[in-house]
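Letters A, B, ... mirror the listed sequences (proteins, then strands); counts begin at 1. Note that the coordinates shown come from a computational prediction; the quantities given were computed from them, not determined experimentally.
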Amino acid sequence: QQQVKQSPQSLIVQKGGIPIINCAYENTAFDYFPWYQQFPGKGPALLIAIRPDVSEKKEGRFTISFNKSAKQFSLHIMDSQPGDSATYFCAATLQGAQKLVFGQGTRLTINP
Amino acid sequence: GAVVSQHPSWVICKSGTSVKIECRSLDFQATTMFWYRQFPKQSLMLMATSNEGSKATYEQGVEKDKFLINHASLTLSTLTVTSAHPEDSSFYICSARGDRGNYEQYFGPGTRLTVT
């Protein structure tokens, strides 16, 4: 019930395409859902986050879609660029708790 | 804003020695800091959570006597890997959460530990 399941494990998209990464959770007590981007040898960086009271959030080329009834959320990257090639992690936080529960990660490659 | 640093960025040590890794929040006060471990091509594994001035809370399976965590101030936490062995070789990442009432964690750049 504490898990966040992320898919796909890896994804290859041509430049300009829209990669979509999906996450699903079981625990309805989760109330904060961030996405992190990690480049090799670096720490994760917060990209964008959403709370369950909204269905979509956009920040620049990054969009989170949130489906509360299905307990799923996804990351869309518009007009993807080779520089977006990285590993992306979704996560969730239990209400009132401190720690994040991470998905398994998606290795994204954007081909030029 | 919300910058977290780690030192060193990489370290090589011999089996049996101890290594200390520092994590600092540079422009905010971190009431809570977290230590993660990450193996190649895997997700982050939370090792422990520490609140300033109190003992760290370790995740199940993490040896508290081997991975000593100290959160002595609102801007500094340290992780000491004692009597390191080759299987302790990994990427160690800290994160910090401030006192703004939100859930955001800000991650450090990580420390690559290699035990020979």
Side-chain angles (χ1 to χ4, degrees), chain A residues 2-11 21 23-25 27 29-54 57 59 64 73 85-109, chain B residues 1-10 21 23-25 30-52 54 56-60 62 71 90-114:
Chain A
Q2 300 278 36
Q3 287 185 336
V4 176
K5 294 183 180 179
Q6 183 172 347
S7 62
Q9 190 173 9
S10 63
L11 182 59
I21 303 171
C23 286
Y25 63 97
N27 194 334
F30 286 143
D31 66 347
Y32 176 70
F33 303 87
W35 284 89
Y36 290 88
Q37 178 189 56
Q38 185 180 29
F39 292 105
K42 305 293 183 184
L46 178 65
L47 260 183
I48 185 173
I50 197 168
R51 297 190 186 278
D53 53 348
V54 297
K57 183 175 181 180
E59 284 188 8
I64 299 179
F73 59 109
S85 298
T87 300
Y88 292 81
F89 293 97
C90 63
T93 296
L94 279 170
Q95 194 170 35
Q98 293 182 320
K99 55 186 181 182
L100 290 167
V101 178
F102 279 91
Q104 295 84 353
T106 296
R107 178 173 285 195
L108 173 65
T109 302
Chain B
V3 179
V4 176
S5 71
Q6 276 184 248
H7 178 80
S9 55
W10 59 271
I21 302 169
C23 176
R24 294 181 185 273
S25 57
T31 52
T32 307
M33 284 185 166
F34 306 85
W35 286 95
Y36 294 85
R37 187 172 180 176
Q38 187 178 35
F39 291 107
K41 299 184 181 180
Q42 292 191 21
S43 189
L44 287 80
M45 183 191 81
L46 179 66
M47 299 174 67
T49 302
S50 73
N51 292 293
E52 185 263 340
S54 60
T57 302
Y58 290 81
E59 295 298 300
Q60 192 173 9
V62 177
H71 192 161
S90 190
F91 194 50
Y92 293 88
I93 310 171
C94 72
S95 72
R97 197 172 88 170
D99 54 0
R100 300 176 187 175
N102 60 25
Y103 295 110
E104 290 182 4
Q105 285 188 30
Y106 301 96
F107 285 81
T111 297
R112 172 75 58 194
L113 169 63
T114 302

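Each of Thr32(B), Thr49(B), Val4(B) has some count of heavy-atom pairs under 4.5 Å with chain A, and the biggest count is that of Thr32(B). Note: Pro44(A) leads Pro44(A), Gly41(A), Gly43(A) in heavy-atom pairs under 4.5 Å with chain B.
Only the side chain of Gln38(A) comes within contact range of chain B, with at least one heavy atom under 4.5 Å from a heavy atom of that chain. Contact of Gln6(B) with chain A is not made at all, since no heavy-atom distance falls under 4.5 Å.
Tested against Phe33(A), the residues Phe73(A), Phe102(A), Phe89(A) include a single ring-ring contact (aromatic ring centres under 6.0 Å, His included) partner, Phe73(A). Partner of Tyr36(B) under the side chain to side chain contact (heavy atoms under 4.5 Å, CB included) criterion, chosen from Phe91(B), Phe107(B), Tyr92(B): Phe107(B).
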Problem - Derivation and outcome, side-chain contact (heavy atoms from CB on, under 4.5 Å), residues Glu52(B) and His71(B) - result: CA-CA 5 Å; Glu52(B) 185 263 340; His71(B) 192 161; 3.8 Å; yes

Exercise for the section: Would you sort out whether Leu11(A) and Tyr88(A) count as a side-chain contact (heavy atoms from CB on, under 4.5 Å), showing the intermediate values? Expected result: CA-CA 11 Å; Leu11(A) 182 59; Tyr88(A) 292 81; over 6 Å; no

